[in-house]
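Taking it in order: structure first as structure tokens, then the write-up.
Convention: sequence-line order gives letters A, B, ...; per-chain numbering from 1.
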Protein chains: 2
Amino acid sequence: MSARGSSPTIVDVAREAGVSIKTVSRVLNHEPGVHESTREQVLKVVEALRYRPKQSARSLAGGRSFLIGLLYYDPSAIFVGSVQQGATLRCRELGYHLVVESLHNDAPDLRQQIDRMVLALRPDGMILTPPLCDNPEVLAALRESGTPCVLMSPERDIRGVPSVRMDDVHAAEELTSLLIKLGHERIAFIKGPPDQSASAARYQGFVSAMRAHGLEPDLELVQPGDFSFASGRDAAQQLLSGPKPPTAVFASNDDMALGVLAAAHRLGLNVPAELSVVGFDDSPTAALVWPPLTTVRQPVAEMARTAVEMLVQGHRAEVPADDADLHKVLAHELIVRDSTRAR
Amino acid sequence: MSARGSSPTIVDVAREAGVSIKTVSRVLNHEPGVHESTREQVLKVVEALRYRPKQSARSLAGGRSFLIGLLYYDPSAIFVGSVQQGATLRCRELGYHLVVESLHNDAPDLRQQIDRMVLALRPDGMILTPPLCDNPEVLAALRESGTPCVLMSPERDIRGVPSVRMDDVHAAEELTSLLIKLGHERIAFIKGPPDQSASAARYQGFVSAMRAHGLEPDLELVQPGDFSFASGRDAAQQLLSGPKPPTAVFASNDDMALGVLAAAHRLGLNVPAELSVVGFDDSPTAALVWPPLTTVRQPVAEMARTAVEMLVQGHRAEVPADDADLHKVLAHELIVRDSTRAR
DNA sequence: CTGAAAGCGCTTACAG
DNA sequence: CTGAAAGCGCTTACAG
């Protein structure tokens, strides 16, 4: 009876419950205007038969696929785990499913790959993570196909295109204030790559917190970086072997902070006794190194949940949301571990 | 024309090409018995109209969903990135799509969650990663629904159920041989948790390589662990503060190896000058710590590709494959970095 | 080598 | 509050 291909259909349920298939459909889709006793009777049969409507049939007839797409390009795979955790959970609660596609941001046939997915599957919405959410080609392909999108942490918001993000400026301010409260004044900063807006935002937060505490950032202690381990290590090497080394280093992301740790180690500097280090992102590695990194956790899973909700609700919305509701900012979390200490 | 809902159907293609929809269907599905010129004509129109058959219609009519499911429970998210990279790529090449679901291995409603996915989506196959691929409840639910599965790195192979894995014993032998060739003889080993078969396999490889080189493992240098950072750190603390400390430590996975690094650091031991350390897995972190870890890379993406292939080909197979073909073993890769040195 | 018909399992509009 | 009919866009048998 549970063999492949012989599962019950809506007709079976209708017959068993003594109603029409339309009424079964109404109950399953939570449509109003069904007598309570009828609803209960139908639900009972649905349960007994373990009936589940088939996505392909619903999709073909109703024009909704109950599929949410997730497009990503994440070689380091730091982001994608949490994104999916949040997205699949929320999808499940809402009766949707998540289809993922790993793309190369600079693939020559990117357009066709997206078309293939969109035209074949007709997902009801698409979640885009960096750097794909900032790729004009990707955005154009999706817009032309009429697929609703939500951008996760895009470089900058686009008018009319929903997005969800955290507040990098504010988080950087908090991290900086933490160091200042620990007594640090000579705080070095290692920047991210200039083509990513998070880099500027984090730097801005650093500067503003310094000034709020009456400190002027020493430009000699501000080094460029590119979010890689190596760039963090090299910047720290430079910083720490200078004449007036900093007592704390703010690296714009965890990978660079790990580089700082490596450089300090090589120079025989004890962290956190002689040098405090903070990162940004709360990467899986951040908790595993010695000492564990003080950092900021992006609410990645929550952002993904929110993205799913926006997509599903957007479908139902009569009136398009105004631009303020379109761009959501979620709360981050300061993670204080052992790489920071009072001086 | 590319607005939502107005995309071309098979009828449009047939009309434009001057053939029946059945012929269009034949061309699209690579069925034999179509005149070459007819085929070309149809393909030309398909291209011109940017036509893509709708998954929901194909699925409803044909009984195949062109969907492959991926069930995983991976809190550390180390595995899932590579799995998806490999799986989505191969799916794309074969005209399939990947639907993922993040499950809790011990969720009370695990059965219902799986049923929901299977009955709604009817995936043509399912990929299971550890620890779900070893969960009897999961396996039973899938078997009853008649969904073909491939297990990735299961504890042990199950007769008749396809699987794909690497050779842990052999990899551990290679790692051990590497240390021995570097001149190490007092090699410590930190085991994994006894309930995971990889633990036993890696230990077995260690012992067999030692003996192959005429060395008998010193049981005082064999410590229990549970694959966590903390257990590796504690085991190393024990090992390294003993009267006759080892000159090398083989940790059964990278997380524990990172723990060893932390312990060594704390004790003021220089790695690799005074102590060589090897891990297992080539986790993202392994390359980012100082010194970068010598380890073994599991061919995760390749295993995922293979799993997709087995699922898709299984569908086509006339005769069920014999048990040898059902259980594939893929080649691993030794990654030699800076945490190992000749003594 | 090609096509006309039936049907997959639902939802949509339309009635009552 | 409930139902009979049509149709979504394909593939499967079945013919010729």
(message) Looking at B:Arg52, I want to see if its CZ is surrounded by more than 12 non-hydrogen atoms of other residues, nucleotides or ligands under 6.0 Å.
(response) no
(request) Rounded to the nearest angstrom, tell me the gap between atom NZ in A:Lys54 and atom P in D:dC10. (result) 17 Å
(message) What is the distance, to the nearest angstrom, from the NE2 atom on A:His30 to the P atom on C:dT11?
(response) 12 Å
(message) Under a plain distance cut-off of 3.5 Å, with no hydrogens placed, do B:Gln84 and A:Gln84 share a side-chain donor-acceptor pair?
(response) yes
(request) Could you tell me whether A:Ser56 contacts a base, only the sugar-phosphate backbone, or nothing, with contacts defined as non-hydrogen atoms closer than 4.0 Å? (result) nothing
(message) Both A:Ala61 and B:Pro32 contact DNA chain C. Which one's nearest nucleotide lies toward the 5' end?
(response) B:Pro32
(message) Taking the minimum atom-to-atom distance to the side chain of B:Ser20, which one of C:dC8, D:dG3, C:dA4 wins?
(response) C:dA4
(message) What is the distance, to the nearest angstrom, from the CD atom on B:Glu31 to the P atom on D:dA13?
(response) 11 Å
(request) Counting Watson-Crick and G-U wobble pairs only, both distances under 3.5 Å, name the nucleotide matched with C:dC14, or none. (result) D:dG3
(message) Whole angstroms only, please: what is the NZ-C1' distance between A:Lys22 and D:dC1?
(response) 12 Å
(request) Take atom CD of B:Gln55 and atom C1' of D:dC8, then tell me their distance rounded to the nearest Å. (result) 14 Å
(message) D:dT2, OP1 or OP2 - any side-chain N/O from A:Thr23 closer than 4.0 Å?
(response) no
(message) Between B:Asp157 and B:Arg165, is the salt bridge (Lys or Arg N to Asp or Glu O under 4.0 Å) condition met? List the steps.
(response) CA-CA 10 Å; B:Asp157 285 331; B:Arg165 61 165 71 250; 3.1 Å; yes
(request) Please state how far atom CZ in A:Phe66 lies from atom C1' in C:dG9, giving the value in whole angstrom units. (result) 14 Å
(request) Select one nucleotide: of C:dT11, D:dC1, D:dT12, the one nearest the side-chain heavy atoms of A:Asn29. (result) C:dT11
(message) I want to verify a distance call: between D:dT2, D:dC8, C:dT12, whose nearest atom is closest to the A:Val34 side chain?
(response) D:dT2
(request) Measure from the side chain of B:Leu60, starting at C-beta and using heavy atoms only, and say which of D:dC10, C:dC8, D:dG3 lies closest. (result) C:dC8
(request) Taking atom types as modelled, find out whether A:Arg122 and A:Ser145 have a side-chain donor-acceptor pair closer than 3.5 angstrom. (result) no
(message) Heavy atoms only, 4.0 Å cut-off, all strands: where does B:Thr38 land among base, sugar-phosphate and nothing?
(response) sugar-phosphate
(message) Is a donor from one side chain sitting under 3.5 angstrom from an acceptor on the other, for A:Gln85 and B:Ser102?
(response) yes
(request) Could you say whether A:Gly33 or A:Ile21 is positioned toward the 5' end of DNA chain D, judged by the nucleotide with the nearest heavy atom to each? (result) A:Gly33
(message) If you only use heavy atoms from C-beta on, which nucleotide in C:dT11, D:dC1, D:dG3 is closest to the side chain of A:Ile10?
(response) C:dT11
(message) Quick check on D:dT11: is either OP1 or OP2 less than 4.0 Å from any side-chain nitrogen or oxygen of B:Ser25?
(response) yes
(message) Nearest heavy atom decides the nucleotide; on that basis, is B:Glu36 or A:Val11 closer to the 5' end of DNA chain C?
(response) B:Glu36
(request) Specify the separation, in whole Å, of atom CZ of B:Arg64 and atom P of D:dG9. (result) 21 Å
(request) Decide yes or no, distance alone: a donor-acceptor N/O pair under 3.5 angstrom between the base of C:dT2 and the side-chain of B:Arg26. (result) yes
(request) Run the ring-centre check on B:Phe66 versus B:His97 and record whether the distance is less than 6.0 Å. (result) no
(message) Any side-chain N or O of B:Thr9 below 4.0 angstrom from OP1/OP2 of D:dG9?
(response) no
(request) Send over the distance from A:Arg58 CZ to C:dC8 P, rounded to a whole Å. (result) 19 Å
